[in-house]
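Any value given below was found using the heavy atoms of this structure, including those in side chains, with hydrogens, waters and symmetry copies removed.
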Amino acid sequence: MVVGLVETAVPAAKSTFSSAVKKPTSLSSDPIINVARGDPTIYEPYWKKMGDRCKVVIAGDEFMSYFCNAMNLCWFLLPELDNAIRTLHRVVGNAMVDDDRFIVVGNGSTQLFHALLYALSSPDLPEPINVVAAAPFYSSYPEETKFLRSELYEWAGDANCFDKDKPYIEVVTSPNNPDGSIRGTVVNREGGKAIHDLAYYWPQYAPITSKADHDAMLFTFSKTTGHAGTRIGWAIVKDKVIAAKMVKFIEVSSIGVSREAQLRAAKILGVIADDCRNPDLKGENFFEYGRRLMSERWGKLREVGMKSNGVFSLPKYPRDYCKFTGEYTDSNPAFAWLKSKEGLNFENLLRDESKIITRGGPSFGVDPTYTRVSMLSRDVEFELLLKRLAAIKGTVNGN
């Protein structure tokens with residue numbers, strides 16, 4: 001059994017549709033634990049508790065047109081979602097969303113990343129523009145950049161090593177995936193452009209120290225609220241020309257974005273914003289819940305790490321003043337960036353000794369003593385992960 005990957009299909013004989021997927025409340029005696037992916041099922045109990053507050057009902061004759069607002073630059077963006085995105089960012093204070101900023105919605109932030117690569121490239125250049133990110137970088141950036149074999153752009157590796165006197169696009173993830181560090185651009189040369197991926201710049205993961213104000217910023221519904229299956233992401237863009245090129249990319253690749261998915265996202269983002277603005281009405285808001293849960297998990301993981309006899313270590317993050325909470329808070333990243341003692345391929349060790357599937361350092365542009373572990377799994381999986389990590393002997397030297 002592989003935990004986190006197996007889903008229960010709805011029997012074909014059923015006459016009604018159901019979105020329910022069986023969630024494990026207990027595990028078999030010796031399962032494989034897959035924490036290589038950031039599937040945010042950690043938040044399921046919170047949304048179950050919300051009941052019908054996030055319920056959306058759509059009649060059969062609704063949303064039949066391709067168009068949401070033909071007069072808007074992003075003509076497939078639902079006005080309700082545009083408003084919900086801007087409202088939540090203003091409530092949290094993590095990004096500038098003034099009226100002169102353009103919101104572009106996509107089928108997850110992955111599509112928006114491709115759209116930005118297209119928009120920031122130029123067919124007039126004699127060769128593809130270089131795309132770089134400082135290691136350790138998000139492991140999917142190289143694959144996504146190379147996947148279409150575009151003549152407009154190409155992956156050029158670690159931004160720390162980029163020394164070409166040529167145009168480039170630098171991708172900055174902050175807080176960073178995989179190591180949770182707060183980052184800025186590295187190259188900073190003439191002819192450069194930047195994509196700021198702020199998927200984890202929310203109060204449950206990091207202190208909100210200022211309103212991000214970059215030319216192109218990416219956010220994703222999946223990491224904001226945990227609703228990864230809805231496949232909604234959004235970009236906040238300053239330049240109208242860049243935003244228009246992004247819209248054209250999405251128009252050609254998918255003719256827009258599901259309006260049903262957008263309506264669900266708008267509803268949920270609206271509920272979160274309402275609860276944050278009215279703290280005395282509904283008890284613990286989503287970000288308070290998420291921050292408490294992530295803090296508890298990091299506390300347990302650090303306790304295991306301290307007792308591991310040096311088999312692995314964890315990064316340390318400085319406390320900072322969070323303008324959303326009004327107090328000094330810790331960073332509690334969505335992923336744990338584990339480093340093993342010298343000479344160990346940590347991904348192989350965890351797989352071979354403990355049946356834990358992780359994503360190793362080479363996927364992120366660094367050496368195999370590092371590996372990434374998701375902190376976003378269900379409670380039953382996370383507790384078993386802690387138990388397995390506590391039992392590691394560190395005697396397997398995988399290559």
Side-chain angles (χ1 to χ4, degrees), residues 68-69 71-121 133 138 141 169-177 182-185 192-206 208-225 227 230-251 256-257 261-262 265-266 268-270 272-273 276 287 323-324:
C68 290
N69 182 358
M71 302 303 295
N72 190 16
L73 184 143
C74 187
W75 53 265
F76 45 82
L77 171 61
L78 205 64
E80 295 91 332
L81 181 58
D82 186 310
N83 179 66
I85 288 169
R86 293 179 191 272
T87 298
L88 187 61
H89 281 300
R90 288 176 181 133
V91 168
V92 175
N94 63 340
M96 292 291 291
V97 283
D98 294 349
D99 291 340
D100 60 347
R101 310 299 165 94
F102 299 92
I103 304 291
V104 180
V105 67
N107 293 286
S109 61
T110 299
Q111 185 184 38
L112 291 165
F113 176 67
H114 284 285
L116 268 170
L117 291 180
Y118 167 76
L120 296 174
S121 303
Y138 175 40
Y141 286 152
I169 299 171
E170 182 174 354
V171 190
V172 181
T173 306
S174 185
N176 190 40
N177 175 1
I182 303 301
R183 290 187 159 192
T185 53
K193 302 172 183 179
I195 298 172
H196 284 80
D197 185 346
L198 305 181
Y200 304 97
Y201 191 42
W202 294 99
Q204 67 268 47
Y205 305 120
I208 304 302
T209 57
S210 64
K211 293 181 181 181
D213 186 18
H214 307 291
D215 290 342
M217 302 183 286
L218 295 178
F219 291 89
T220 171
F221 193 47
S222 65
K223 297 307 185 292
T224 305
T225 71
H227 294 86
T230 306
R231 306 310 307 132
I232 290 291
W234 61 92
I236 304 172
V237 184
K238 288 184 180 181
D239 191 310
K240 185 176 182 179
V241 173
I242 298 300
K245 289 182 70 176
M246 293 178 68
V247 169
K248 184 62 178 178
F249 179 92
I250 296 171
E251 175 186 327
V257 178
Q262 291 188 62
I268 291 171
L269 295 179
I272 294 174
C276 290
F287 293 125
K323 293 184 177 180
F324 175 74

Hey, does [Y] have a side-chain heavy atom less than 4.5 Å from the side chain of [X]?
X    : Y    : value
L77  : N69  : no
Q262 : I232 : yes
I169 : S121 : yes
V92  : P203 : yes
I250 : Y118 : no
W75  : V247 : yes
K238 : R101 : yes
V97  : K211 : no

Out of curiosity, [X] [atom1] to [Y] [atom2], how far, rounded to the nearest 0.5 Å?
X    : Y    : atom1 : atom2 : answer
K193 : I242 : NZ    : CD1   : 6.0 Å
I236 : L198 : CD1   : CG    : 8.0 Å
R90  : I85  : CZ    : CD1   : 11.5 Å
I195 : M217 : CD1   : CE    : 13.0 Å
N94  : T209 : CG    : OG1   : 10.0 Å
D239 : L120 : CG    : CG    : 9.0 Å

Could you tell me which non-hydrogen atom of [X] sits nearest to which non-hydrogen atom of [Y], and how far apart they are?
X    : Y    : value
A199 : T220 : CB-CG2, 3.6 Å
A84  : L269 : CB-CB, 4.1 Å
N177 : Y200 : ND2-OH, 3.5 Å
F324 : V91  : CD1-O, 3.9 Å
I208 : G93  : CG2-O, 3.5 Å
M246 : A119 : CG-CB, 3.8 Å

**OP:** For atom NZ of K323, decide whether the heavy atoms of other residues, nucleotides or ligands shown that lie under 6.0 angstrom number more than 12.
**Re:**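 Open.
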Subject >> All pairs passing side-chain hydrogen bond (donor to acceptor under 3.5 Å, both in side chains) where residues 76-87 contributes a residue, at least two apart >> reply: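 Every pair satisfying side-chain hydrogen bond (donor to acceptor under 3.5 Å, both in side chains) with a residue in residues 76-87: D82-R86.
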**OP:** Can you label the angle between the W202 ring and the F219 ring as parallel, tilted or perpendicular, going by 30° and 60°?
**Re:**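 Geometry flag for F219 against W202: perpendicular rings.
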Original post:
Relative to each other, are the rings of W234 and H89 parallel, tilted or perpendicular (30° and 60° limits)?
Top reply: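 W234 and H89: perpendicular rings.
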**OP:** Indicate yes or no for a side-chain donor-acceptor contact from Y205 to the backbone of K223 under 3.5 Å, with no hydrogens or angles considered.
**Re:**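 Yes; judged by distance alone, with no hydrogens or angles, the pair exists.
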Original post:
Any donor-acceptor pair under 3.5 Å linking the side chain of E251 with the backbone of C74?
Top reply: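 No; judged by distance alone, with no hydrogens or angles, the pair does not exist.
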Subject >> Lys NZ or Arg CZ of K240 over F102 ring: under 6.0 Å, within 45° >> reply: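 Because its charged atom misses either the 6.0 Å distance or the 45° angle limit, K240 does not stack over F102.
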**OP:** State which residues pass salt bridge (Lys or Arg N to Asp or Glu O under 4.0 Å) with D100; sequence neighbours excluded, sorted by chain then number.
**Re:**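 None.
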Original post:
Which of these passes side-chain contact (heavy atoms from CB on, under 4.5 Å) with L218: V104, T110, T173, L112?
Top reply: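 It is L112, the one option of V104, T110, T173, L112 that forms the side-chain contact (heavy atoms from CB on, under 4.5 Å) with L218.
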